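Please read all numbers here as calculations on a predicted model, not as lab measurements. Counting starts at 1 for both ligands and their atoms, following the listed order.
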Amino acid sequence: MMPTDAEIIKKKGNEAFIANDFGIALELYTHALKLDPKNGIYLLNRSFVYLKLSQWAEAERDATNALSSTEISEAQKAKALLRRGKARKRLGEAGARLAREDFSLYLAITKEQKTLDDLERDADDDTGIAVKVNSLADHFTSLTVSSKFPFTIKRGRPRGRWCIRHSSSSTRRTYLGGSTSRSICRRELCQVLSLHNAKPPGALKGIFGEIYSTNAFAAAGLCFTASKFNHSCSPNARGSFHGEKRQYRIYALTDIAVGEEIFIPYIQGRNIYGSTREQRRSRLYFAHGFKCMCKTCSLPQNEVEKSDARRSKLKELYEKLPKHNPSAHGDRIISLVIQSIRLLREDGYLADADDFAVDAAHVCASVSDVESAKYWARLAYEAKRDEFGPDSAHAIRAKENLDDPMSRKNHPQAGFFRTQVLSGRL
Ligand SMILES: C[S@@+](CC[C@H](N)C(=O)[O-])C[C@H]1O[C@@H](n2cnc3c(N)ncnc32)[C@H](O)[C@@H]1O
């Protein structure tokens, strides 16, 4: 069963608590309680945080509410009594009397070999940790976000606090001017907190830093929905940032059956998807903090070797693509492009065929082979449309190219070289 958002947030609260980050733990448990207000365990955990923060009345209140929850076990009930007793001990004389009752009940349940005096002394010795409350209540109310945009998290002002902002730098400037900012709402904050934090090497510190390092897209920052998609080195979908609409979009690259998982590539660029499993894994580990277990990386060893050979060949072909004088190398370029796209498809990598088709269209245009230029321009257009959406700048430009494959706007070298016919096709 999938854990609920409240459970995910509570788990992060536990991590923050273990890391002695009580301000963050307090906010996280508070958010978990917003989603599940009567949860006895969340109340019990938060009462412990309040004790650490020397907030005795709040610690007592949460422990009392935890005790009235029907879900807690006897052992948890004992913990609640001990915590409430410690809190009450600090709440004046009346509190101290009630604390003794709590400690007695605690000893009766646990049969611990301690006396009431021992517990009272322990409570006096526990001074809690002084946490500067420059912390989370402020912290979160200063979080801001531009409404319909993807989000990015950055260290903000005052120094050390986290802010959530739109990721584009131009908008950020506007935001800093204040005109487009607004406070992030609790629902959005819970969405951020429910994202995975995988602690990639060198991750930004703290829970928000880890969430950001694990999930942010280079161009778009955090996107609550898109950041839930897993990676595959043989993806069946592709994500891209749609600048005009300020959206991160994901398109299926093939039919995907009901119940099948959708995977996007976290790594792009010919040199990268054209690398071996070990190279890809190490890249993903450093960028996102995980060892890739996609279907290609999990193939049996002999199959992995075949896949590695295809990917290495792909990179080799890419590096061999002549960058100059297409007239002298036209047929060779087309042949390299065809081999590359075939290798991509054999390895189940359905994205990025446009990288190669665009190269082929350029070459055909440069030698005035209009038919071939149109053929490759169509392929490039279809790939861009499938990967970025028909209204994307990528697809619109590719469509212009398809409508006028000899346009110098798109191919500055169109018609520049001796006319040839480049008959290679996929
Ligand atoms: C952007 S999140 C994706 C959503 C994530 N699965 C979750 O539970 O929220 C990235 C994290 O998902 C996991 N992940 C994604 N793709 C993976 C893959 N191919 N192999 C192993 N773990 C993967 C890793 O823990 C990674 O840090």
Contact (N/O only, under 3.5 Å) between Ser232 and ligand 1: no
Hey, does the Lys NZ or Arg CZ of [X] hover above the aromatic six-ring of [Y], less than 6.0 Å from the centre and inside 45° of the axis?
X	Y	answer
Lys291	Phe286	no
Arg425	Tyr375	yes
Arg46	Tyr29	no
Arg88	Phe103	no

Does Gly289 have a heavy atom less than 4.0 Å from any atom of ligand 1? no
Does the residue Tyr266 have a heavy-atom contact with ligand 1, meaning some pair of atoms that are separated by less than 4.0 Å? yes
At less than 4.0 angstrom from any non-hydrogen atom of [X], what atoms of ligand 1 do you find?
X	answer
Lys291	20 (N), 21 (C)
Cys292	19 (N), 20 (N)
His288	27 (O)
Met293	18 (C), 19 (N), 20 (N), 21 (C)
Asn215	1 (C), 2 (S)

Residues which pass side-chain hydrogen bond (donor to acceptor under 3.5 Å, both in side chains) with Tyr42, listed by chain and number, not counting sequence neighbours: Glu7
For ligand 1, note which part of His231 has a heavy atom under 4.0 Å away: side chain, backbone, both or neither. both
Nearest non-hydrogen atom to atom 13 (C) of ligand 1 belongs to which of Thr214, Asn230, Thr296? Asn230
Quick one: list whatever passes salt bridge (Lys or Arg N to Asp or Glu O under 4.0 Å) with Asp308, sequence neighbours left out. none
Treating Ser234 as the side-chain partner and Asp347 as the backbone partner, does any N or O pair qualify as donor plus acceptor under 3.5 Å? yes
